[in-house]
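The structure appears right after this line, and notes come after that.
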Amino acid sequence: MQFPPDAPTLLDAIAALLDDEVIGAVPADLQHRVRVAANLSRLVARESRLGELNARRQRRTMLAYLDGDVTLTDHELAAELARRLRHEDDPARLDDAWRMLVLIARDDLAVAKPGHDGWEGE
Amino acid sequence: MTGNDRLADGLAGCLGATWDRQVKVSGLSTMTAGARRHNVVFVADDGAVGRRLVATIVPPGETEINPIDVEANVRSLAEAARVPVPHVHAVDPTGRWVGAPMMISEHVDGETVPRRVLRLIAEHDHGEVVARQLGEALARLHAIEPAAAPAGLQAVGDQPPAEAAIAALDEAMDMLLQARPAVALGLGWLERNLPLPPPRRAIVHGDVRNGNLIVGPDGLRAVLDWEGALAGGDPMQDVAWPALRMWRFREDHLEVGGFAKRAPYVAGYVAAGGAFDPDRYRWWKVQGTAKWALGLASQAMAFIDGRVPSIVMAASGRRVAELEWDLLMLIRR
């Protein structure tokens, strides 16, 4: 077991370094990429905190919708779900699918872009 | 001789051959560039006048959607139809002058970086003016006689544009490394809500949005980046694209580019002769959102397989969820 700080804390520290010190010290044409790197460090920090929990929850949700085979991997479940949704036309099943996918998207956004799900307009 | 000297010599040679006189090139600097192409601003002096110009250079090995000479031709066609564009001075599709295909056009002052565009518009309080001008520009483009499309311009073909768009998205879905159920739901929605074909097909730009506009204190000055122009398209494809949430840059309540609501934009489009159809507009917004979700996924794949080893491409994969959320909001009942 590693001595602290833990991985997400280290990634946050890397992001702070990139944002606070490195951006100002590099040429203009490199600054955008440094900013992207800082954002990615923060994102991966969130992923290491939330990723496993989200993956388990998403798996349960997909299995429940599909009444699926528990031996399938997460990717196989997503592929089966995508295959069925592409041609689903039962309105009730479509509504259920929409609600399920909103929950999954909220989980993904909690990692990828917190707050993006605050807008529900057109 | 430095790389910049060689580039200056090549640009001077190309302009000299086009204008049939001696040209001196100086003051080269790289502009804030797109992810794929290099834009170099410089001064060209032919002894009578010094002009600020921009060379758009396609890096070797880069896939072009339309060849750069075709792009230049469609841009000139749009210019003749009074769409604001930077005037094209010279084109070299062969790479003879600078070692890569390129186009040289007039430099137009103004802001292009989306957040700076939004700051400028807020400062001058002319978001509605810019939106109206953008609507007018699109209507003028769409009014061009379809038969005038330059030879070699990519085209939709005989299939109705919406059906062709679904087929392209299905193909892109099949290429994904990981299935995306939300996008699959969106594709199903597109098929169930397929619109009637447009009453009139048009040359469409394909990527008009905040980020491909030059805006000044007086309003819209130019529409940039015509490389994805398409013949035989549905005009509503173009009208819907700048209204995607992705191009609002956190100004979500302002549907058009984060700087205006829909009304002045549509008013400009209609006033300049465009026929606005709210149903097809919505359909193309859903299509555009699904398309950009898959576009981001494909950028991430280009990083994973080593084609484009850029951290920006790598980050695109983690942005797919944003588009999935937007897609779900657009198709909710």
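This structure is a prediction, so every number in the text was calculated from the model and none was measured. In what follows, chains carry the letters A, B, and so on, assigned in the order in which the sequence lines appear, proteins first and then strands, with residues in each chain numbered from 1.
- Taking NZ of A:Lys113 as the reference point, atom CD of B:Glu322 lies at 4.0 Å (rounded to 0.5 Å).
- Here the closest non-hydrogen pair linking B:Pro181 and A:Leu85 is O-CD1, 3.8 Å.
- For A:His75, the part lying near chain B is the side chain, with the backbone staying farther off; criterion is any non-hydrogen pair under 4.5 Å.
- Of the two parts of A:Glu47, only the side chain, counted from C-beta on, holds a non-hydrogen atom closer than 4.5 Å to a non-hydrogen atom of chain B.
- Note that CZ of B:Arg192 is 11.0 Å distant from NE2 of A:His87, once rounded to the nearest 0.5 Å.
- For B:Met329 against A:Gly121, the heavy-atom pair with the smallest separation is CB-O, 3.9 Å.
- The minimum heavy-atom distance between B:Leu328 and A:Ala105, with the atom names listed, is CD1-CB, 4.1 Å.
- Inter-residue side-chain proximity for B:Trp325 and A:Arg106 is flagged as met; some heavy-atom pair is nearer than 4.5 Å.
- Among the candidates A:Arg84, A:Arg33, A:Glu120, the residue making the largest number of heavy-atom pairs closer than 4.5 Å to chain B is A:Glu120.
- The most heavy-atom pairs under 4.5 Å with chain A, out of B:Lys285, B:Glu191, B:Glu255, come from B:Glu191.
- For B:Gln178, the part lying under 4.5 angstrom from a heavy atom of chain A is the side chain only.
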B:Arg332 and A:Glu122: CA distance, side-chain angles, deciding distance, salt bridge (charged side-chain N to carboxylate O under 4.0 Å, His left out) verdict: CA-CA 10 Å; B:Arg332 74 177 152 186; A:Glu122 265 195 57; over 6 Å; no
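- Residues satisfying the side-chain hydrogen bond (donor to acceptor under 3.5 Å, both in side chains) criterion with B:Trp241, sequence neighbours excluded, are B:Asp207.
- For the ring-ring contact (aromatic ring centres under 6.0 Å, His included) test, no residue two or more places apart in sequence or in another chain qualifies with B:Tyr265.
- Nearest heavy-atom pair across A:Val36 and B:Ile311 is CG1-O, 3.9 Å.
- Enclosure of atom NE2 in A:His32 is not indicated, since only 12 or fewer non-hydrogen atoms of other residues, nucleotides or ligands lie within 6.0 angstrom.
- When A:Ile104, A:Val111, A:Leu40 are compared by the number of non-hydrogen pairs under 4.5 Å with chain B, A:Leu40 comes out ahead.
- Counted within 6.0 Å of CZ on B:Arg248, heavy atoms from surrounding residues, nucleotides or ligands total more than 12; the atom is thus considered enclosed.
- The part of B:Leu330 that comes within reach of chain A is its side chain, from C-beta onward, which places non-hydrogen atoms under 4.5 angstrom from that chain.
- Residue contact with chain B, scored on non-hydrogen atoms closer than 4.5 Å, is absent for A:Asp29.
- In terms of heavy atoms, A:Ala82 sits closest to B:Ala184 at O-CB, 3.3 Å.
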Is there a salt bridge (charged side-chain N to carboxylate O under 4.0 Å, His left out) between A:Asp95 and B:Arg333? Walk through the geometry before answering. CA-CA 8 Å; A:Asp95 284 348; B:Arg333 286 158 20 114; 2.8 Å; yes
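- Under a cut-off of 6.0 angstrom, the local environment of CD in B:Glu128 is sparse, with at most 12 non-hydrogen atoms contributed by other residues, nucleotides or ligands.
- Within the 4.5 angstrom heavy-atom criterion, only side-chain atoms of B:Ile166, from C-beta onward, approach chain A.
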Walk me through it: do A:Asp108 and B:Arg319 pass the test salt bridge (charged side-chain N to carboxylate O under 4.0 Å, His left out)? CA-CA 10 Å; A:Asp108 288 344; B:Arg319 298 189 59 205; over 6 Å; no
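- Between chain A and the residues B:Arg245, B:His253, B:Glu324, the largest count of heavy-atom pairs under 4.5 Å involves B:Arg245.
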CA sep, side-chain torsions, deciding dist, call: A:Trp119, B:Arg250, side chain to side chain contact (heavy atoms under 4.5 Å, CB included): CA-CA 10 Å; A:Trp119 172 259; B:Arg250 297 189 182 174; over 6 Å; no
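- Counting heavy-atom pairs closer than 4.5 Å to chain B, the top residue among A:Ala78, A:Gly115, A:Ala79 is A:Ala78.
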Where do B:Met173 and A:Arg86 land on the side chain to side chain contact (heavy atoms under 4.5 Å, CB included) test, with the steps shown first? CA-CA 11 Å; B:Met173 272 284 272; A:Arg86 175 64 183 83; 5.9 Å; no
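- A:Ala97 and B:Leu185 get closest at one heavy-atom pair: CB-CD1, 4.2 Å.
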